[in-house]
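Here's the structure we're looking at; comments come further down.
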Amino acid sequence: MDIGFIGLGVMGEPMALNLVRAGTSLVVWNRSADSCERLRAAGARVAGSPAEVFGAARVVILMLATEAAMDDVLRRRTEAFAAMVAGRTVVHMGTTEPDYSRALEADIRAAGGHYVEAPVSGSRKPAEAGQLVAMLAGEPAVVAEVRPLLQPMCHTATDCGAVPTALLTKLAVNLFLITMVTGLAEAAHFAEQHGLDMQQFTAVLDAGPMASSVSRVKLHKLAAGDFSVQASITDVLKNNRLVAEAARRAGIASPLLDVCHALYGETQALGLGGEDMVAVVRAIARRTAQAR
């Protein structure tokens with residue numbers, strides 16, 4: 001049977017394209033048609049509905065932005081839900097609340113299906129290159145079945161244990177990513193405001209011990225004023241909220257994350273929600289202007 005893929009957004013489209021290019025027999029569905037046509041041209045079969053995907057595929061990958069979108073696709077809490085997921089393995093590759101994932105696994109297993117949590121670390125560029133990092137959680141036998149399917153999309157996959165440990169791991173990774181990129185944006189703003197040569201500043205950071213594949217990409221975007229999306233402000237703000245909520249529920253302090261949450265909220269309020277996360281520098285610059 002085909003493998004199903006639902007959700008062809010900024011991340012989902014290149015992920016699905018890598019599956020097709022690796023020879024996976026893929027059936028896809030997306031709410032907007034443009035991405036479906038690109039997948040059709042690459043060799044995927046385009047379904048007319050999520051139910052058609054589940055009818056054709058034993059394993060269905062979901063790369064959806066919100067819990068509401070997932071529930072809608074799965075027809076959760078309706079009579080159609082059990083018929084869709086029974087005998088199927090649902091692979092959740094997006095980022096949602098860990099408690100939501102735990103409850104979804106329970107519902108799918110109660111309906112006779114299987115569930116794997118498989119969030120990924122990386123933005124659009126690593127997605128295009130098949131260099132995402134996957135975190136896996138679920139029943140060991142089901143995780144073992146799903147793991148080979150991820151190879152065209154991910155250069156590594158780590159077993160994290162039972163649901164929702166993969167999502168908790170992803171949130172911990174995101175906490176570091178968000179604070180790191182925000183600090184990088186503030187450093188670039190500091191350098192620019194002092195009239196430093198941005199090419200020299202970039203060269204020094206790129207050559208130093210703090211450099212990484214993320215810092216190199218994001219710093220060059222900052223220096224060039226390139227806000228084309230890899231991971232959007234809106235998506236980062238959502239992830240920030242998820243981490244903060246998980247911290248609050250566990251009684252964990254997250255002072256750096258809380259500052260970042262305010263800055264990304266300010267950036268979105270400036271109408272920049274669809275731009276890359278480095279556009280947070282615009283909120284920092286606005287604070288500078290207000291302070292003078």
Side-chain angles (χ1 to χ4, degrees), residues 10-11 14-15 18 95 119-135 150-158 169-240 243 254-264 266-268 270 272-289 291-292:
V10 170
M11 294 287 288
M15 291 166 66
N18 282 331
T95 306
V120 291
S121 180
S123 58
R124 185 174 178 90
K125 188 171 182 179
E128 291 171 342
Q131 293 294 303
L132 297 170
V133 175
M135 292 142 276
L150 307 184
Q151 289 178 355
M153 301 180 286
C154 306
H155 76 87
T156 187
T158 299
T169 303
K170 170 68 186 295
L171 295 184
V173 169
N174 278 358
L175 195 161
F176 177 52
L177 171 67
I178 292 167
T179 54
M180 177 182 69
V181 174
T182 308
L184 184 66
E186 186 171 330
H189 176 67
F190 178 90
E192 187 272 333
Q193 289 293 302
H194 277 88
L196 301 184
D197 184 307
M198 294 305 290
Q199 289 186 335
Q200 290 179 354
F201 173 69
T202 299
V204 170
L205 274 183
D206 282 353
M210 294 175 291
S212 67
S213 58
V214 172
S215 74
R216 289 189 176 100
V217 170
K218 297 303 186 185
L219 182 54
H220 282 267
K221 288 175 73 66
L222 283 162
D226 172 16
F227 300 142
S228 59
V229 68
Q230 294 173 337
S232 74
I233 290 291
T234 297
D235 189 53
V236 172
L237 186 58
K238 181 200 86 167
N239 279 274
N240 197 314
V243 181
S254 56
L256 293 178
L257 188 75
D258 296 343
V259 171
C260 292
H261 188 273
L263 284 168
Y264 284 94
E266 290 169 26
T267 311
Q268 178 153 279
L270 292 172
L272 304 174
E275 298 193 353
D276 189 73
M277 66 184 299
V278 295
V280 72
V281 75
R282 301 278 290 276
I284 296 169
R286 187 169 182 268
R287 288 195 184 191
T288 293
R292 287 177 172 169

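Only this structure's heavy atoms are used, side chains among them; waters, hydrogens and symmetry mates stay out. One is the number of the first residue; the rest follow in order along the sequence.
Using modelled atom types and a 3.5 Å distance limit, the side chains of Lys221 and Ser228 yield a donor-acceptor pair. A donor and an acceptor atom, one from each side chain of Thr234 and Tyr264, are nowhere located under 3.5 Å apart. A side-chain N or O of His220 and one of Asp206 form a donor-acceptor pair less than 3.5 Å apart. Side-chain polar atoms of Lys218 and Gln230 form a donor-acceptor pair below 3.5 angstrom.
At a threshold of 4.5 Å between non-hydrogen side-chain atoms, the residues His155 and Leu132 do not count as touching. Contact check for Ser121 versus Met135: side-chain heavy atoms found under the 4.5 Å cut-off.
Exactly one residue among Leu237, Val243, Leu256 makes a side-chain contact (heavy atoms from CB on, under 4.5 Å) with His261. That residue is Leu237. Applying the side-chain hydrogen bond (donor to acceptor under 3.5 Å, both in side chains) test between Asn174 and each of Thr169, Asn240, Asn239, Thr179 identifies Asn239 as the sole match. Applying side-chain hydrogen bond (donor to acceptor under 3.5 Å, both in side chains) to Glu128 and the options Arg124, Gln131, Lys125 leaves one that passes, Arg124.
Of the inter-residue distances, the one linking Thr156 atom OG1 with Leu150 atom CG reads 11.0 Å to the nearest 0.5 angstrom. The CE atom of Met210 sits 8.5 Å away from atom OG of Ser215, with the distance rounded to the nearest 0.5 Å. To the nearest 0.5 angstrom, Thr267 atom OG1 is 9.5 Å from Phe227 atom CZ.
Not a single donor-acceptor pair under 3.5 Å links the side chain of Ser254 to the backbone N or O of Leu257. Remark: the backbone N or O of Ala185 is not paired with any side-chain donor or acceptor of His189 at under 3.5 angstrom. Between the side chain of Ser232 and the backbone N or O of Val229 there is no donor-acceptor pair closer than 3.5 Å. Side chain of Asp276 to main chain of Ala231: a donor-acceptor pair is present (N/O by atom type, distance under 3.5 Å, no hydrogens or angles). Looking only at distances, no side-chain donor or acceptor of Lys170 sits under 3.5 Å from a matching main-chain atom of Thr95.
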Would you sort out whether Val214 and Leu184 count as a side chain to side chain contact (heavy atoms under 4.5 Å, CB included), showing the intermediate values?
-> CA-CA 10 Å; Val214 172; Leu184 184 66; over 6 Å; no

Take Val120 and Cys154 through the test side chain to side chain contact (heavy atoms under 4.5 Å, CB included) and record every step on the way to the result.
-> CA-CA 8 Å; Val120 291; Cys154 306; 4.0 Å; yes

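The pair Glu266-Arg282 does not meet the salt-bridge criterion, since no charged nitrogen lies less than 4.0 angstrom from a carboxylate oxygen.
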